[in-house]
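Before any comments, here is the structure.
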Amino acid sequence: MVEPVPRATSRENGTPHDPAVEIAAAGRIWRLPGVYAPQADSYFLSAVMRREGIGPGLDVLDVCTGSGVLALGAARLGARVTAVDVSRRAVLSARLNALAARVPVTVLRGDLLTGMSPGSFDVVVSNPPYVPAPDTQLPRRGACRAWDAGRDGRILLDRICEQAPAVLRSGGRLLMVHSALCDPDETVRRLTQAGLAAEVRDRLSIPFGPVMAERIRWLRENGMVPAGITTEELVVVRARRD
């Protein structure tokens, strides 16, 4: 059984971007139960991808593809796209969506960038799990596998920062979205240390979603969210290999 994805309604602050444009461009996205439903972070990164000029002649890798919404967006722009996810249900969902959209996307099951050939991509995009969670380990099953990422939300972010530089060609770019709760400066630092020119490319403030709202007491008790704050800032980190 597949479920239609609910529509996102968030707005990017300080730019003319209208999320309705990205939602309409994505078309109808289906997902198996337990697969992450595209939300504000997905459409935020999609908008940045368009502004980055992703298009024909580029090889794009979508890491933690989930339903495949970012992979489909890159394929519609004319890029050659590979998508990867550790979840079997996500792989099936992304393949189904690529088939329904009639766009060529190679969808693989794998552990982040493990096994990818060095220097094989012009662009790596990723919307990985990044929500801080009480458990110090990644969940092995259940819907929370799509968002939980350890006490500081950085288990997968740090691994992507470590692995992505090797698969980028000269001039290649990494575009990764995550919450400001996960320390964007640390993401920039790690990517810079790995030899990339990194910066926070864009920021977007949105109301807390269901997961963050359900976890708000724990987040406040652990000093991650001050009392009275009801919004979350998303960032897109851009890193380029010279």
Side-chain angles (χ1 to χ4, degrees), residues 5 7-27 29 36-84 94 103 105 113 121-130 153 156-157 160-161 164-165 167-169 171-188 190-192 196-206 209 231-241:
V5 172
R7 298 306 193 187
T9 58
S10 299
R11 178 176 63 86
E12 184 175 351
N13 294 343
T15 79
H17 166 59
D18 180 353
V21 174
E22 301 304 326
I23 295 170
I29 301 295
Y36 184 72
Q39 297 178 33
D41 49 4
S42 306
Y43 297 116
F44 178 35
L45 181 51
S46 178
V48 175
M49 287 166 55
R50 287 179 180 272
R51 292 202 304 273
E52 283 288 316
I54 290 177
L58 296 182
D59 290 302
V60 175
L61 174 64
D62 178 15
V63 182
C64 301
T65 193
S67 67
V69 65
L70 295 175
L72 268 62
R76 287 192 176 103
L77 293 172
R80 295 181 294 269
V81 183
T82 301
V84 62
V103 293
V105 176
L113 293 90
F121 295 99
D122 301 291
V123 183
V124 174
V125 300
S126 187
N127 180 13
Y130 57 73
L156 295 174
L157 292 173
I160 293 171
C161 289
V167 307
L168 289 173
R169 293 171 179 152
R173 292 158 287 168
L174 167 68
L175 299 171
M176 182 163 62
V177 64
H178 66 77
S179 173
L181 295 177
C182 307
D183 193 354
D185 290 341
E186 178 65 9
T187 302
V188 171
R190 285 177 176 268
L191 291 168
T192 301
L196 305 184
E199 63 177 341
V200 174
R201 177 69 175 82
D202 289 272
R203 298 178 184 270
L204 169 67
S205 292
I206 61 170
T231 60
E232 175 187 14
E233 184 178 63
L234 302 176
V235 301
V236 171
V237 175
R238 179 186 189 272
R240 181 179 178 90
R241 181 170 187 172

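Residue numbers run from 1 in the order of the sequence given. Bear in mind the structure is a predicted one, so any value in this text is a computation, not a measurement.
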Indicate the atoms forming the closest heavy-atom contact of [X] with [Y], along with that distance.
X    : Y    : result
V103 : A75  : CB-CB, 4.0 Å
V60  : A74  : CG1-CB, 4.1 Å
T65  : A83  : OG1-CB, 3.5 Å
L168 : R241 : O-NH1, 3.0 Å
L70  : S46  : CD2-N, 3.9 Å
A94  : L72  : O-CD1, 4.5 Å

Practice prompt. State which residues pass side-chain hydrogen bond (donor to acceptor under 3.5 Å, both in side chains) with D59; sequence neighbours excluded, sorted by chain then number.
Written response: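 With neighbours one apart ignored, the set is R80, R169.
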Discussion item. Tell me every residue that passes side-chain hydrogen bond (donor to acceptor under 3.5 Å, both in side chains) with S179, counting only those two or more places apart in sequence or in another chain.
Written reply: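 With sequence neighbours excluded, S179 shows a side-chain hydrogen bond (donor to acceptor under 3.5 Å, both in side chains) to E232, given in chain and number order.
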Under 4.5 Å between any side-chain heavy atoms of [X] and [Y], yes or no?
X    : Y    : value
E52  : V123 : no
V188 : V237 : yes
H178 : P184 : yes
S42  : Y36  : yes
E186 : C161 : no

When rounded to the nearest 0.5 angstrom, what is the spacing between [atom1] in [X] and [atom2] in [Y]?
X    : Y    : atom1 : atom2 : answer
T231 : L204 : OG1   : CG    : 10.0 Å
R173 : I54  : CZ    : CD1   : 6.0 Å
L174 : R240 : CG    : CZ    : 12.5 Å
D202 : R51  : CG    : CZ    : 4.5 Å
L234 : F44  : CG    : CZ    : 6.5 Å

Flag, side chain of [X] to backbone of [Y], donor-acceptor distance under 3.5 Å:
X    : Y    : value
R238 : R201 : no
S126 : V63  : yes
D122 : L58  : no

Worksheet item: For E233, which residues count as a salt bridge (charged side-chain N to carboxylate O under 4.0 Å, His left out) partner, sequence neighbours excluded?
Response: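 If we apply the salt bridge (charged side-chain N to carboxylate O under 4.0 Å, His left out) test to E233, skipping adjacent residues, the hits are R203.
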Discussion item. Could you go through Q39 and I206, starting from their C-alpha distance and side-chain angles, then the distance that decides it, and tell me whether this counts as side chain to side chain contact (heavy atoms under 4.5 Å, CB included)?
Written reply: CA-CA 11 Å; Q39 297 178 33; I206 61 170; over 6 Å; no
Item to complete: Apply side-chain hydrogen bond (donor to acceptor under 3.5 Å, both in side chains) to Y130 and D41, showing your working.
Response: CA-CA 11 Å; Y130 57 73; D41 49 4; 2.7 Å; yes
